[in-house]
There are 4 protein chains.
Amino acid sequence: MAKTFRVGMIGYRFMGRAHSNAWRQAPRFFALKANLELHTICGRDQANVNAARAQLGWQHSTTDWREIVESPLIDIVDITTPTSSHAEIAIAALKHGKNVLCEKPLGLNLKECEQMFAAAHKSKAVHMICHNYRRIPAIALARRMITEGTLGRIFHFRARYAQDRLADLDFPVDWRLQSKSSGSGVHSDINSHIIDLGRYLVGEFKEVCGLVHTFVPERPLPEPAVKGVSKMGKVDVPDSAAFLGWMENGVLANLEATRYASGRKNHIEIEINGEKGSLYFDFEDMNKLKFYHGDDPKDRRGFREIIVTERDGLQPYVSHWWPPGHGIGYEHTFVHTVVDFVNACADGKPVHPTFEDGLKNQRVLTAVEESSKKGKWVKV
Amino acid sequence: MAKTFRVGMIGYRFMGRAHSNAWRQAPRFFALKANLELHTICGRDQANVNAARAQLGWQHSTTDWREIVESPLIDIVDITTPTSSHAEIAIAALKHGKNVLCEKPLGLNLKECEQMFAAAHKSKAVHMICHNYRRIPAIALARRMITEGTLGRIFHFRARYAQDRLADLDFPVDWRLQSKSSGSGVHSDINSHIIDLGRYLVGEFKEVCGLVHTFVPERPLPEPAVKGVSKMGKVDVPDSAAFLGWMENGVLANLEATRYASGRKNHIEIEINGEKGSLYFDFEDMNKLKFYHGDDPKDRRGFREIIVTERDGLQPYVSHWWPPGHGIGYEHTFVHTVVDFVNACADGKPVHPTFEDGLKNQRVLTAVEESSKKGKWVKV
Amino acid sequence: MAKTFRVGMIGYRFMGRAHSNAWRQAPRFFALKANLELHTICGRDQANVNAARAQLGWQHSTTDWREIVESPLIDIVDITTPTSSHAEIAIAALKHGKNVLCEKPLGLNLKECEQMFAAAHKSKAVHMICHNYRRIPAIALARRMITEGTLGRIFHFRARYAQDRLADLDFPVDWRLQSKSSGSGVHSDINSHIIDLGRYLVGEFKEVCGLVHTFVPERPLPEPAVKGVSKMGKVDVPDSAAFLGWMENGVLANLEATRYASGRKNHIEIEINGEKGSLYFDFEDMNKLKFYHGDDPKDRRGFREIIVTERDGLQPYVSHWWPPGHGIGYEHTFVHTVVDFVNACADGKPVHPTFEDGLKNQRVLTAVEESSKKGKWVKV
Amino acid sequence: MAKTFRVGMIGYRFMGRAHSNAWRQAPRFFALKANLELHTICGRDQANVNAARAQLGWQHSTTDWREIVESPLIDIVDITTPTSSHAEIAIAALKHGKNVLCEKPLGLNLKECEQMFAAAHKSKAVHMICHNYRRIPAIALARRMITEGTLGRIFHFRARYAQDRLADLDFPVDWRLQSKSSGSGVHSDINSHIIDLGRYLVGEFKEVCGLVHTFVPERPLPEPAVKGVSKMGKVDVPDSAAFLGWMENGVLANLEATRYASGRKNHIEIEINGEKGSLYFDFEDMNKLKFYHGDDPKDRRGFREIIVTERDGLQPYVSHWWPPGHGIGYEHTFVHTVVDFVNACADGKPVHPTFEDGLKNQRVLTAVEESSKKGKWVKV
């Protein structure tokens with residue numbers, strides 16, 4: 001008879017909603033190697049966490065995360081809080097032998113990430129950082145094609161993560177725009193995602209040169225003391241970042257992250273160019289992967305728009321959902337993450353991306369920040 | 001304190017999975033006017049329905065649909081079986097005062113639809129036919145824009161529902177390709193969807209002229225008696241359909257449904273052209289709506305690609321899901337359907353599309369079939 | 001030593017400009033089998049034709065087209081006038097043994113077309129109707145692919161020619177909106193183009209059912225007698241048309257032509273679905289052809305966007321222009337037409353589309369008009 | 001009576017063909033302020049230049065460019081040769097008072113460019129560098145919109161010039177891959193184009209950081225001594241380049257040029273993000289400009305696809321060609337360049353981009369090369 005994992009989740013906002021959905025949906029669409037119980041949800045505000053418990057489908061709630069990490073009832077700890085609390089919670093959970101799924105970025109800085117990885121490395125638990133975009137079916141298909149050598153030698157990896165919410169100069173200083181809670185703003189928040197995709201799809205970064213930047217260093221504080229009169233607050237993190245890099249396999253990388261691209265809502269755009277073909281992906285059309293194959297007859301070559309919804313296990317994950325052409329959405333990437341994580345926990349085997357991936361990602365982030373300060377190339 | 005509705009669902013395959021998901025997810029993302037219990041699921045095969053019960057999240061299972069429609073415990077009956085059983089179940093459920101959500105097409109033929117509508121009309125229950133595509137946010141937004149007069153006088157309604165599974169000549173004779181189970185094949189299965197969208201978005205059909213057709217009248221039977229040797233079976237329903245029509249408001253309609261469009265997976269393509277603007281939608285890119293506005297300055301007019309994922313209630317339904325640019329998928333259209341249905345049940349008010357809409361749809365389907373036989377225009 | 005052809009062209013407006021350009025450009029980019037002299041241009045207004053002569057690069061001008069068709073100096077007569085004058089000029093030119101290139105539609109009606117074809121058939125001259133869109137490289141490539149059997153059995157031919165100029169209700173009654181000059185308006189003007197493409201790419205029409213329609217039967221006359229006060233005039237031709245058809249090879253056709261599609265500027269949209277693949281073309285992106293191939297591995301199939309600009313003769317015509325990715329424009333289709341016409345004249349061989357093609361096209365146009373009157377299917 | 005300019009052109013290959021076409025076509029479609037005579041074409045090979053003379057429409061030919069620059073008959077000198085000869089010819093022509101149109105890049109290096117600009121500055125002649133892409137109608141429209149402030153404060157300028165011919169490792173070492181003829185390969189050949197577009201559309205570069213790179217340093221020599229046995233030659237120029245930059249107005253720039261992007265044929269992709277809107281352009285769809293406007297109502301915002309083919313002078317250049325939706329091609333950008341150049345010569349006024357623009361462009365190119373060597377940011 002199958003094992004049952006009891007899950008405790010810390011945090012209940014955007015990521016808490018997305019993860020809760022994943023815990024609920026995973027067993028409905030996939031055959032998991034273990035049963036799941038959405039045991040306890042944790043948040044700092046009693047009333048809010050109670051409401052979240054009911055809304056999101058958890059059995060219990062608490063305002064003290066230590067109850068979760070210390071409880072012998074809990075098998076899996078899922079961390080969806082702001083970055084500043086990741087390290088403390090994750091390390092405590094690992095010490096108590098819990099399997100840990102942690103939102104990205106891993107920690108506030110390199111030191112925290114190293115401590116987290118050390119704790120993970122020492123533990124026998126399964127540890128995973130939630131870079132959910134790896135498990136977009138189109139991205140997982142791209143990975144498979146690259147691994148099989150479909151593109152031949154790769155020359156370019158090009159990625160941009162572009163949103164536009166900060167182009168509105170009245171957008172307030174939220175937790176993502178403050179160093180104490182977010183680490184390094186847009187850089188750690190979304191640049192980390194495309195760094196992860198570069199590492200997943202193409203290879204390790206060897207050296208980087210670029211910049212982190214704050215276009216708008218002052219913004220309204222979220223809650224005005226006097227109604228209608230906003231006090232201004234300081235943005236002390238980057239709100240944009242861009243860098244060039246060389247990968248260990250000789251690929252030239254060009255990455256950019258911004259929230260100033262008017263009209264781009266969640267535009268994760270990736271292009272990979274190889275000797276024998278190219279791949280292109282844009283999250284705003286997430287069920288598709290564009291693929292140019294140099295092996296097609298020369299008079300009829302072109303980028304193919306693959307609708308990644310085939311059945312019969314032909315393409316990663318999608319057979320579990322709907323018929324061809326019936327696309328999936330954003331939250332499904334978390335379901336896939338949970339599926340793979342749970343199965344790894346059941347097997348007691350590692351599952352990518354691990355805390356080591358989170359640490360390697362942070363090394364790239366940190367190198368870009370150092371490059372930005374020094375104005376020159378920096379080894380990762 | 002809020003009322004609780006107990007739901008009984010008949011059927012557990014493709015539509016059963018989609019509806020179950022909707023019943024589960026609706027209260028997680030929307031504030032419903034009633035609580036929901038996924039009470040009983042029904043299917044003919046004991047083992048299968050038990051497995052479905054567990055997998056899809058229902059409390060009880062049965063192999064006799066009459067238990068559901070007759071049970072005083074049940075408030076809502078959801079019918080997701082093949083078309084041939086809709087009428088009997090729905091009429092029985094309505095007689096027992098159940099609110100009924102029924103998959104499309106309403107019935108096998110005009111007579112059944114009339115009986116179903118009569119039963120609905122007589123009852124005080126809420127009745128709804130599940131044309132889920134009405135509740136794609138982009139389609140609901142299109143409806144709002146048209147209702148507000150954004151397009152001015154409308155000239156053209158053009159729709160195609162194109163898939164490609166029958167282009168594979170080895171695709172077997174499933175229930176959708178037999179008249180006894182499906183009514184009229186591709187015509188009632190998917191042409192009905194774009195007829196519904198035409199009625200929802202633009203207006204009532206007045207007269208039609210067109211054809212239903214069977215490109216491939218013989219196909220392998222699904223389960224070969226001797227392994228590897230398929231016996232052939234007869235396809236006695238249309239596997240494609242096309243018609244021109246005039247709407248009551250003078251709009252020229254052109255609709256086509258086919259499963260022979262290689263490369264088109266679930267391509268529901270709609271274009272509406274008016275004096276002051278046009279709208280274009282393609283389900284394979286379901287989070288977007290294209291909109292051309294004649295009021296834009298003449299040097300910078302063009303089809304806008306609206307990513308229909310805005311917050312703050314600006315666009316229908318999507319505020320309940322994720323941030324801008326984080327698209328939703330196919331099954332969400334069923335969630336929206338269930339949300340509106342449940343709220344209507346709680347309020348005791350009608351909700352479109354009703355069984356009357358199902359009947360009117362069938363009148364168009366039937367008129368096209370008659371036109372196909374007679375080779376001339378037929379009044380709806 | 002190469003022969004020289006002296007060309008006389010009747011008409012100097014839109015088509016006159018496009019054809020003059022083609023006569024000038026053809027020898028600059030292609031190795032023709034004969035030299036060309038732009039000998040005489042003809043128009044009814046002396047001042048205008050003189051200006052056109054200088055502007056468009058002709059040696060002589062005249063206001064009497066008979067001078068051209070009767071002149072022993074002239075080898076080729078090119079007819080770019082409104083439809084009403086095609087028959088008289090073409091028949092006279094053929095009687096004088098001239099090679100004739102005639103704008104579409106061939107004549108005002110079936111009778112004229114039959115007379116024109118009879119004259120052509122009797123003559124030894126080369127005769128061609130200028131359906132320039134056949135010689136878009138993407139279309140010529142599509143034709144080649146279909147001929148080679150790439151799509152397998154074809155099920156659907158679907159075409160729409162959509163513009164939007166009449167959506168402006170103040171657009172005046174020009175010559176194209178009057179039966180005496182244009183024949184049958186939008187039907188003969190642009191529906192004829194997609195009928196031609198259907199015949200070229202897929203096959204002959206066997207029977208049709210559809211309609212021709214006038215959405216706006218009254219419009220301002222072009223030149224108001226009193227400034228600012230437009231008198232209204234009657235539109236006595238169709239301003240839109242749509243029909244379904246069966247081709248001799250069993251292909252289901254769906255064609256529509258309109259000038260009421262706001263936002264569609266010159267949207268000639270074609271889709272062809274076959275058992276083994278599909279093709280899609282849109283003139284507003286004329287350098288591309290979309291191609292779905294069922295032979296691609298199933299996990300990576302999708303519509304390829306072929307940029308039809310390859311070199312080395314791999315794709316029709318384009319090698320003569322620019323490097324890959326450096327697209328061509330509308331007028332190049334006329335250049336290709338002239339190239340093939342001139343070479344055919346030099347060889348004394350027929351070149352498609354001939355006057356017979358123009359006649360067959362008119363038979364389809366006429367059948368649609370008859371179907372529209374009778375409200376039923378009509379054999380072509 | 002209008003003046004007549006006699007043109008002498010040096011070079012007859014790719015650019016020679018494109019420029020010849022422009023000289024021929026300009027007066028056919030535009031009302032120029034002067035008449036044009038295609039007087040003399042010059043090339044080093046007697047037979048080839050004679051053939052080119054006939055093919056391209058010139059009156060005379062010569063193998064000595066000095067005859068052209070010294071001839072009192074010549075008013076305009078057009079330089080379309082490889083980069084290495086630009087400086088000598090242009091300076092000589094300017095000394096003789098000729099108006100000079102010179103292909104890009106201006107010179108082999110900064111020193112040459114400075115000498116050329118000095119010569120231009122001293123002369124009273126009109127001097128222009130042929131960055132033809134400025135006069136794509138969509139780009140000229142983008143410029144107008146930006147100048148009018150439509151985008152508000154601009155944050156990002158992002159451009160990539162991507163082709164794929166070098167992804168074929170057997171592509172030979174042509175003149176563009178040798179420093180003695182091309183200057184700095186892909187960097188000066190195509191990176192210069194997008195630098196020019198950045199300067200034209202957004203502003204001056206202040207500092208840059210990036211790299212020039214040679215992915216494949218050895219390639220076959222063009223003409224094998226023994227048939228089928230290629231000797232290998234050295235590629236001593238960059239075959240790719242990428243850099244980040246700050247513009248004087250605070251815009252963050254990201255530019256990349258490569259010929260290793262399989263499937264990208266002539267993909268000049270530009271995105272500009274401002275506070276109030278964004279623009280996107282891709283040369284492979286050159287008749288379109290995408291425009292997102294933050295002023296549109298929030299529920300219906302999206303990138304508009306403007307088909308830049310409107311009449312009545314609403315959009316730059318296109319009114320002179322064809323009706324809406326009838327797109328133009330690559331070579332038309334040269335026609336527009338010649339039109340503006342000729343009118344400037346007639347008026348004796350400067351016309352952008354001047355030799356000063358060529359020099360400023362070279363300063364950016366040189367700064368990137370210096371940054372590449374030093375591995376750090378460099379002031380332009």
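These values consider heavy atoms only, across backbone and side chains, with no hydrogens, waters or symmetry-generated copies. First the proteins, then the strands, lettered A, B, ... as listed; each starts at 1.
- Neither the backbone nor the side chain of C:V378 comes within contact range of chain B; no heavy atoms are under 4.5 Å apart.
- For C:L169, the part sitting under 4.5 Å from any heavy atom of chain B is the side chain, from C-beta outward, and nothing else.
- Of the atoms belonging to C:F215, heavy atoms from both backbone and side chain fall under 4.5 Å from chain B.
- B:L166 does not touch chain C: none of its heavy atoms, backbone or side chain, sits under 4.5 Å away.
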So which donor and acceptor atoms of chain B and chain C come within less than 3.5 Å of each other?
unit_1, atom_1, unit_2, atom_2, d
B:R153, NH2, C:F215, O, 3.4
B:H156, ND1, C:E256, OE2, 3.1
B:H156, NE2, C:T258, OG1, 2.7
B:R158, NH1, C:E256, OE1, 2.7
B:R160, NH1, C:E271, OE2, 3.0
B:R160, NH2, C:E271, OE1, 2.9
B:R160, NH2, C:E271, OE2, 3.4
B:F215, O, C:R153, NH2, 3.4
B:N254, OD1, C:N254, ND2, 2.9
B:N254, ND2, C:N254, OD1, 2.9
B:N254, ND2, C:E256, OE1, 2.7
B:E256, OE1, C:R158, NH1, 2.7
B:E256, OE1, C:N254, ND2, 2.7
B:E256, OE2, C:H156, ND1, 3.1
B:T258, OG1, C:H156, NE2, 2.7
B:S262, O, C:S278, OG, 2.6
B:S262, OG, C:G274, O, 2.6
B:R264, NE, C:E271, OE1, 3.3
B:R264, NE, C:E271, OE2, 3.0
B:R264, NH2, C:E271, OE1, 2.6
B:K265, NZ, C:Y292, OH, 3.0
B:E271, OE1, C:R160, NH2, 2.8
B:E271, OE1, C:R264, NE, 3.3
B:E271, OE1, C:R264, NH2, 2.7
B:E271, OE2, C:R160, NH1, 3.0
B:E271, OE2, C:R160, NH2, 3.4
B:E271, OE2, C:R264, NE, 3.0
B:G274, O, C:S262, OG, 2.6
B:S278, OG, C:S262, O, 2.6
B:Y292, OH, C:K265, NZ, 2.9
B:G375, O, C:W377, N, 3.1
B:W377, N, C:G375, O, 3.1

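- Partners of C:A142 according to the side-chain contact (heavy atoms from CB on, under 4.5 Å) rule, which considers only residues two or more places apart in sequence or in another chain, are C:L201, C:L279, C:L289.
- Looking at B:F155, the atoms closer than 4.5 Å to chain C (heavy atoms on both sides) sit in the backbone and in the side chain alike.
- For B:A159, the side-chain contact (heavy atoms from CB on, under 4.5 Å) test picks out B:F157, B:I194, B:L255, B:I270, with sequence neighbours left out.
- With a 4.5 angstrom heavy-atom cutoff, B:V251 does not touch chain C via any of its atoms.
- To the nearest 0.5 Å, atoms CG (B:L244) and SG (C:C209) are separated by 7.0 Å.
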